[in-house]
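Structure first, commentary second.
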Amino acid sequence: MRKVVAGNWKMHKDRSGATDLIATLVAAKSGLPSGVEVIIAPPFPFLALAVEGVKGSAIAVAAQNCHQAAQGAYTGEVSAPMLASMGVSACLVGHSERREYFGETDLLVAQKVKALLEAGITPIYCCGEKQEERTAGRHFEVVSAQMKDALGALDPEQLMKVVVAYEPVWAIGTGLTATAAEAQEMHAFIRGLLRSHGNDVANAVPVLYGGSCKPDNAAELFAGPDVNGGLIGGAALDADQFLSIIRAAGDS
Ligand code: PGA
C-alpha cells in the first residue's frame with residue numbers, strides 16, 4: 001500500500017517563510033524514506049514557487065481548494081485545469097474548514113472531486129465527524145454518508161485515483177488526537193466502504209489520518225494497518241516536525 005504524508009499549510013506563511021520551508025524540505029528529502037510520498041499544500045500565491053522549488057526532489061505540490069467549474073465568471077476562484085497547468089498534482093477537497101466556514105456541502109465537494117479528476121489532479125478527499133456526532137455514536141454513519149455523497153458516483157478506475165483523509169473534526173488543531181485504536185477502527189471502516197467498489201479500489205486508495213498528528217504520536221497512529229500516512233496541519237509548518245512525521249510513516 002502507498003504511504004502518503006501531506007502538509008496542509010492552511011492560511012499560514014508569507015513568501016519568504018514559504019520559500020524557506022520548501023528549501024529545507026527539499027534539502028532533507030534525500031535522507032528520508034523513499035517509500036513515502038510527500039506532498040505540500042501551500043496557499044495559492046505560493047504554488048508557483050513551490051512547484052519550482054520542489055523540482056527534482058520527488059515532493060509533490062497540492063492546492064488546498066479549487067472551483068468546480070473549468071473556467072468562467074467566478075471572480076476570485078481558481079479552477080482545477082489552472083492548477084494542473086501550473087504543475088500542481090493534488091488538491092485537498094472537503095476539508096472540514098471549507099465545510100464549516102465556506103458552506104461546502106457533499107454535493108459541491110462531489111463536483112470538485114469530478115473536476116479535479118477530469119484535470120488529472122489527485123483529490124485528497126477529507127471526511128470526518130464532529131464531536132457531537134461521535135458522542136452520539138453516529139461517527140460511522142456520518143463518515144459513510146460523506147464517502148457516499150462525495151465519491152459514490154465515481155467508477156472504480158476514478159476512485160483508485162483518490163486519496164482519502166479521515167480527519168475527526170474535534171481533533172483538528174485542538175491538540176486532541178484520536179487514539180490509535182479509534183483511528184484504526186475508522187480507517188478499517190473506510191477501507192470496507194472502499195472494498196464495496198472492489199478489492200482493487202480498497203488496495204489502491206491510501207487512507208490518511210489527520211487531526212493533531214504530531215511527531216510524538218505519529219508512529220503510534222501510523223502503526224494501524226489501515227492508516228497509510230497522515231494529513232498534517234500545524235506540524236507541517238515546521239520542517240523538523242514535518243520531517244519527523246515523514247520518518248515515522250517510513251518506519252511504519
Ligand atoms: P492539524 O490539522 O494537524 O493542525 O490538526 C490537520 C488538518 O486540518 O488537515
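Heads up: numbering here begins at 1 and tracks the sequence. Here the structure is a predicted model, which is why all the values come from computation and not from measurement. Order of listing sets the numbers, starting from 1, for every ligand and every atom in it.
Residues C127 and I190 meet the side-chain proximity criterion, which asks for heavy atoms closer than 4.5 Å. Within the 4.5 Å cutoff, the side chain of F222 has heavy atoms near those of the I245 side chain. Residues E104 and N65 meet the side-chain proximity criterion, which asks for heavy atoms closer than 4.5 Å. Contact annotation: the side chain of Q158 never approaches that of V162 to less than 4.5 Å [non-hydrogen atoms, C-beta and beyond].
Looking only at protein heavy atoms, the nearest one to atom 7 (C) of ligand 1 is E167 OE2, 3.1 Å. Among all non-hydrogen protein atoms, the one lying nearest atom 3 (O) of ligand 1 is G233 N, 2.9 Å.
Between W170 and E129, the side chains place a donor N or O and an acceptor N or O closer than 3.5 Å (distance only, hydrogens not considered).
In this structure, the side chain of Q68 does not engage the main chain of A115 through any donor-acceptor pair within 3.5 Å.
The parts of I172 lying near ligand 1 are both backbone and side chain, judged by heavy-atom distances below 4.0 Å.
Close contacts between ligand 1 and G173 involve ligand atoms 1 (P), 4 (O), 5 (O) [criterion: under 4.0 Å to a heavy atom]. Ligand 1 places these atoms under 4.0 Å from at least one heavy atom of G234: 1 (P), 3 (O), 4 (O).
Looking at H95, E97, K214 and measuring to atom 8 (O) of ligand 1, the nearest heavy atom belongs to H95. Here atom 1 (P) of ligand 1 lies nearest to S212 when heavy atoms of P168, C213, A171, S212 are compared.
Not one N or O of G211 is nearer than 3.5 Å to an N or O of ligand 1, by distance alone.
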